[in-house]
> 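Below is a structure I'd like to ask you about.
Because the structure is a prediction, the values reported are computed rather than measured. Sequence lines set the chain letters: A, B, ... in the order given, protein chains first and strands last, and positions in each chain run from 1.
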Amino acid sequence: MTALKIASWNINSVRARIDIVERFLREEQPDILCLQETKVVNDIFPGGIFHQLGYTHQILHGQRMHHGVAIISRIPIREDAESQWRFDWQDNGEARHVGVQLDCGIRLENVYVPAGGDIPDAELNPKFGQKLAFIERMTRWAEQISQPTLLVGDFNIAPLECDVWSHKQLLNVVSHTPIEVEALAGLKAAHDWVDLGRKFVPPPERLYTWWSYRAQDWAASDRGRRLDHMWASPEVAKLATAHKVHEPCRGWLKPSDHVPLVTEFEV
DNA sequence: ATGGTAGCAAAGCTA
């Protein structure tokens, strides 16, 4: 048995955030870091800094301006047939997924689900329909999974009442609407996924991973939501030994509005 | 009831 530590973080621009990513890697020492919203094309991804820190394996899927995902690792990670490992679940070319194979036999999938716009109505707001379609395509994919898998990333949905600061006030706010929660439940059932956040921090305990930039004092108002998740195949979930949400990162200089999730495994 | 902030990249889009 060897220890394996995997982190996931919506970084909201890896270039603007390079100092705090470096601090996080030095302090937390994950073996693998999955990033979402890197906001950079592959050519100018700041890979040299990560390489110096020992993260010599880097699988990038970036694009200009928005979105973008990456997996950086200090242990080997492998891509197989490239198209197989970069799903386009929105069918519009946006860079929102990258997946790799680990030597221990686990498949690691890093996803950035679209936010879905402001209006929770697919007729009035096409982005909301695209978000639901994305989850639907993920569900079809999940039904066919044949390997032990860890699915991590920014799902942009907070499913439980204790995943948001006010269930009542967010019922009609995109990220916590019943239609999104139902779609996410369908995805969860499609592979019998284990929600590692709630395995380690059971309801009704408060658990958030995101706080808006628009609050005057994010910590004082604490109007958070749990938008980021780590879901494991049942056999992978059994290997998990610890899990945490790094809330202090929200208070670091020039923070992301999301904080990192970290899970430790014995594989 | 509204607007509040942030990054990219060069005005508005996405979040």
> Take A/Asn12 and A/Glu37, find for each the nucleotide of DNA chain B with the closest heavy atom, and name the residue whose nucleotide sits nearer the 5' end.
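By nearest-heavy-atom nucleotide position, the 5'-most residue is A/Asn12.
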> Without hydrogens or angle criteria, can the side chains of A/His51 and A/Thr56 be said to hold a donor-acceptor pair below 3.5 Å?
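On atom types as modelled, these side chains do not qualify, holding no pair under 3.5 Å.
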> Rounded to the nearest Å, what distance is computed from the CG atom of residue A/Asp43 to the C1' atom of nucleotide B/dC8?
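One finds 17 Å between C1' of B/dC8 and CG of A/Asp43, rounded.
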> Closest-nucleotide mapping onto DNA chain B: is A/Ala115 or A/Pro255 further toward the 5' terminus? I mean the 5' end.
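Closest to the 5' end, via its nearest nucleotide, is A/Pro255.
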> Please give, in whole Å, the distance from B/dA6 C1' to A/Gln216 CD?
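Roughly 16 Å, once rounded to whole Å.
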> In the structure I gave you, are the side-chain heavy atoms of A/Glu109 and A/His97 within less than 4.5 Å of one another anywhere?
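They are in contact (side-chain heavy atoms under 4.5 Å apart), so the answer is yes.
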> Measuring from the side chain of A/His67 (C-beta onward, heavy atoms only), which nucleotide among B/dG7, B/dA15, B/dA9 has the closest atom?
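Nearest listed nucleotide: B/dA15.
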> Is the number of heavy atoms from other residues, nucleotides or ligands under 6.0 Å of A/Asn92 CG greater than 12?
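Result for CG/A/Asn92: enclosed.
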> Within the pair A/Arg64 and B/dA10, is there a side-chain N or O less than 4.0 Å away from OP1 or OP2?
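True: A/Arg64 side-chain N/O within range (under 4.0 Å) of B/dA10 OP1/OP2.
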> From CG of A/Asp154 over to C1' of B/dG7, roughly how many Å is that when rounded to an integer?
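Rounded to the whole Å, the gap is 16 Å.
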> Quick one: A/Trp252 CH2 to B/dA6 P, roughly how many Å, whole number?
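After rounding, the gap between these two atoms is 19 Å.
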> Using the C1' atom as the reference point in each nucleotide, state the distance between B/dA10 and B/dA6 in Å, no decimals.
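These two C1' atoms come out 16 Å apart once rounded.
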> So which nucleotide from B/dA15, B/dA9, B/dT5 ends up closest to the side chain of A/Tyr213?
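Nearest to the side chain of A/Tyr213 among the choices is B/dT5.
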> Quick one: A/Trp211 CH2 to B/dA6 P, roughly how many Å, whole number?
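Atom CH2 in A/Trp211 sits about 17 Å away from atom P in B/dA6.
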> When the P atoms of B/dT14 and B/dA9 are compared, how many Å lie between them, rounded to an integer?
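These two P atoms come out 14 Å apart once rounded.
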> Can you check the A/Gln169 CD to B/dA1 P distance for me, whole Å?
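From A/Gln169 CD to B/dA1 P: 12 Å.
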> Kindly say if A/Ser13 contacts the phosphate of B/dC8, meaning a side-chain N or O under 4.0 Å from OP1 or OP2.
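For A/Ser13, the contact criterion (side-chain N or O under 4.0 Å from OP1 or OP2 of B/dC8) is met.
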> To the nearest angstrom, how far is A/Met65 atom CE from B/dA11 atom P?
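Distance check: A/Met65 CE to B/dA11 P gives 12 Å.
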> Would you state whether a donor and an acceptor, one from the side chain of A/Arg17 and one from the base of B/dA6, lie under 3.5 Å apart?
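Counting by modelled atom types and ignoring angles, no donor-acceptor contact under 3.5 Å is found here.
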> Would you call A/Lys39 and A/Asn12 a side-chain contact if the rule is heavy atoms closer than 4.5 Å?
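Answer yes - side chains close enough.
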> What integer number of Å spans the C1' atoms of B/dG4 and B/dA15?
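Per the computed distance, 14 Å lies between those C1' atoms.
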> For A/Arg96, report the nucleic acid contact type (base, sugar-phosphate, nothing); a contact means any heavy atom under 4.0 Å.
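If one applies the 4.0 Å heavy-atom cut-off, A/Arg96 turns out to touch the sugar-phosphate alone, with no base involved.
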> Does A/Val262 belong to the same Ile/Leu/Val/Met/Phe/Trp/Tyr cluster as A/Phe265, with side-chain heavy atoms less than 4.5 Å apart forming each link?
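Different hydrophobic clusters.
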> B/dG7, OP1 or OP2 - any side-chain N/O from A/Lys254 closer than 4.0 Å?
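It does, given that an N or O in the side chain of A/Lys254 lies less than 4.0 Å from OP1 or OP2 of B/dG7.
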> Side chains of A/His191 and A/Glu143: donor-acceptor distance under 3.5 Å anywhere?
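No, no side-chain donor-acceptor pair sits under 3.5 Å.
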> Looking only at the side chain of A/Arg214 (C-beta and beyond, no hydrogens), which of the listed nucleotides B/dG4, B/dT14, B/dA10 gets closest?
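The closest nucleotide is B/dG4.
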> Measure the distance from NZ on A/Lys39 to C1' on B/dT14 and round it to the nearest whole Å.
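It is 7 Å, rounded to the nearest whole Å.
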